[in-house]
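The figures that follow rest on heavy atoms only: side chains count, while hydrogens, waters and symmetry mates do not.
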Amino acid sequence: MILIIVLMTVGCDQVSKELTRKKVESEAFIPIIKNHLILTNVENTGAMLGFGQDFPPILKRFLLQVLPMLLLLIMLYRIMSKPNLNLLLIIAFAFVIGGGLGNLIDRIAYGSVTDFFQIRLGIFKTGIFNIADIAVTLGLFMFIFLIVRGKKSAI
């Protein structure tokens, strides 16, 4: 089940990014739901909200490629080696791993991550994000929910 969630997350993420790169002009502004859900095409050479985009190349490679790969492998090993983990915890980590891999693939293959969604609701405005970001965020919220509810298992 872990592998299915990870592969589906990576697959949806990579297909959506490829479609965006091919069909949406750079920095376009395409309202999907009025001006509340926007489709665009932005290449992010840093991490979340562009953090680290001006770092020296060796530091950027370590922080945005090597370190995330190590963390994803450790997470995958930990959830695969624990037989009695809560099902929701497994799903949460599978989303984080799948989303992390999706963005890592972009960083290695293209040197940047393709972001394309933005939400605008009144004064609330998100940064520009992608399917991988949604998966990581969903996984982290699930993890926090489980901790608050007292259903965590030692990882």
Side-chain angles (χ1 to χ4, degrees), residues 1-22 24 32 37-119 121 124-155:
M1 182 170 77
I2 296 165
L3 193 56
I4 290 170
I5 294 171
V6 169
L7 291 176
M8 287 184 66
T9 302
V10 171
C12 289
D13 177 64
Q14 289 301 299
V15 167
S16 64
K17 289 174 179 174
E18 187 61 26
L19 285 171
T20 299
R21 285 190 287 270
K22 286 183 176 178
V24 180
I32 303 296
L37 178 62
I38 310 303
L39 180 64
T40 188
N41 180 354
V42 175
E43 293 300 320
N44 182 356
T45 60
M48 186 173 87
L49 302 175
F51 172 76
Q53 65 188 9
D54 296 325
F55 286 175
I58 190 75
L59 181 59
K60 191 191 280 189
R61 178 162 286 137
F62 177 76
L63 290 176
L64 300 180
Q65 291 179 15
V66 175
L67 188 59
M69 178 63 84
L70 290 173
L71 292 173
L72 292 171
L73 288 172
I74 290 168
M75 269 194 279
L76 185 58
Y77 170 77
R78 298 292 295 188
I79 64 173
M80 298 287 282
S81 66
K82 299 267 184 185
N84 297 322
L85 287 178
N86 176 297
L87 179 62
L88 288 178
L89 185 62
I90 292 170
I91 293 169
F93 276 109
F95 277 131
V96 171
I97 292 166
L101 281 175
N103 281 338
L104 189 59
I105 289 168
D106 272 25
R107 284 192 184 102
I108 292 169
Y110 302 104
S112 63
V113 173
T114 301
D115 291 328
F116 52 89
F117 282 134
Q118 185 178 44
I119 297 172
L121 298 170
F124 174 76
K125 178 178 162 184
T126 66
I128 302 169
F129 57 94
N130 58 45
I131 301 294
D133 299 333
I134 294 169
V136 169
T137 302
L138 178 62
L140 290 175
F141 278 132
M142 289 173 69
F143 182 67
I144 291 167
F145 173 78
L146 290 168
I147 289 173
V148 169
R149 295 280 307 225
K151 299 209 185 259
K152 74 172 185 160
S153 181
I155 293 223

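- Partners of R61 according to the salt bridge (Lys or Arg N to Asp or Glu O under 4.0 Å) rule, which considers only residues two or more places apart in sequence or in another chain, do not exist here.
- Between R78 and F93 the shortest side-chain heavy-atom distance does not fall below 4.5 Å.
- Listed by chain and number, the residues in a salt bridge (Lys or Arg N to Asp or Glu O under 4.0 Å) with E43 amount to none (sequence neighbours excluded).
- Summarising the geometry, atom CZ belonging to F117 is positioned 11.0 Å from atom CD1 belonging to I38; distances are rounded to the nearest 0.5 Å.
- Sorted by first and then second residue, the pairs that involve residues 87-104 and meet side-chain hydrogen bond (donor to acceptor under 3.5 Å, both in side chains), not counting sequence neighbours, are K17-N103, N103-N130, N103-D133.
- Nearest heavy-atom pair, T114 versus T20, reported as atom, atom and distance to 0.1 Å: CG2-CG2, 4.0 Å.
- Looking at residues two or more places apart in sequence or on another chain, you find a side chain to side chain contact (heavy atoms under 4.5 Å, CB included) between M69 and L73, L104.
- Looking at V96 and M142, their side chains never come closer than 4.5 Å, going by heavy atoms from C-beta outward.
- Residues passing the side chain to side chain contact (heavy atoms under 4.5 Å, CB included) test with V15 are L19, sequence neighbours excluded.
- Between L72 and L76 there is no side-chain heavy-atom pair separated by less than 4.5 Å.
- Applying the side chain to side chain contact (heavy atoms under 4.5 Å, CB included) criterion to L59, with sequence neighbours excluded, gives F55, P56, L63.
- Rounding to the nearest 0.5 Å places CD1 of I4 at 11.0 Å from CD1 of I91.
- Under the 4.5 Å side-chain criterion, counting only non-hydrogen atoms from C-beta, F116 is not in contact with V42.
- Annotation: salt bridge (Lys or Arg N to Asp or Glu O under 4.0 Å) contacts of K125 (sequence neighbours excluded): none.
- Minimum heavy-atom separation, I5 to A94: CG2-CB, 3.6 Å.
- No more than 12 heavy-atom neighbours from other residues, nucleotides or ligands sit within 6.0 angstrom of CD1 on I58.
- Note: L39 CG to I32 CD1 = 4.5 Å, rounded to the nearest 0.5 Å.
- Under the salt bridge (Lys or Arg N to Asp or Glu O under 4.0 Å) criterion, D115 pairs with no residue at all, not counting sequence neighbours.
- Minimum heavy-atom separation, V136 to G100: CG2-N, 3.6 Å.
- With F95 as the fixed residue, the side chain to side chain contact (heavy atoms under 4.5 Å, CB included) test singles out one of I134, T9, T137: T9.
- Every residue two or more places apart in sequence or in another chain that forms a side chain to side chain contact (heavy atoms under 4.5 Å, CB included) with L70 is listed here: V66.
- No donor-acceptor distance shorter than 3.5 angstrom exists from the side chain of Q118 to the backbone of I128, with no hydrogens or angles considered.
- When all heavy atoms of L89 and L146 are compared, the closest pair comes out as N-CD1, 3.4 Å.
- Taking the side chain as every heavy atom from C-beta outward, D106 and R21 approach each other to under 4.5 Å.
- Taken to the nearest 0.5 Å, the CG atom of L3 stands 10.5 Å off from the CD1 atom of I97.
- Across all non-hydrogen atoms, the minimal contact from S112 to T45 is CB-CG2, 3.8 Å.
- The distance from the CD1 atom of I131 to the OG atom of S16 is 4.5 Å, given to the nearest 0.5 Å.
- Taken from CD1 in I108 to CG in L64, the straight-line distance is 11.0 Å, to the nearest 0.5 Å.
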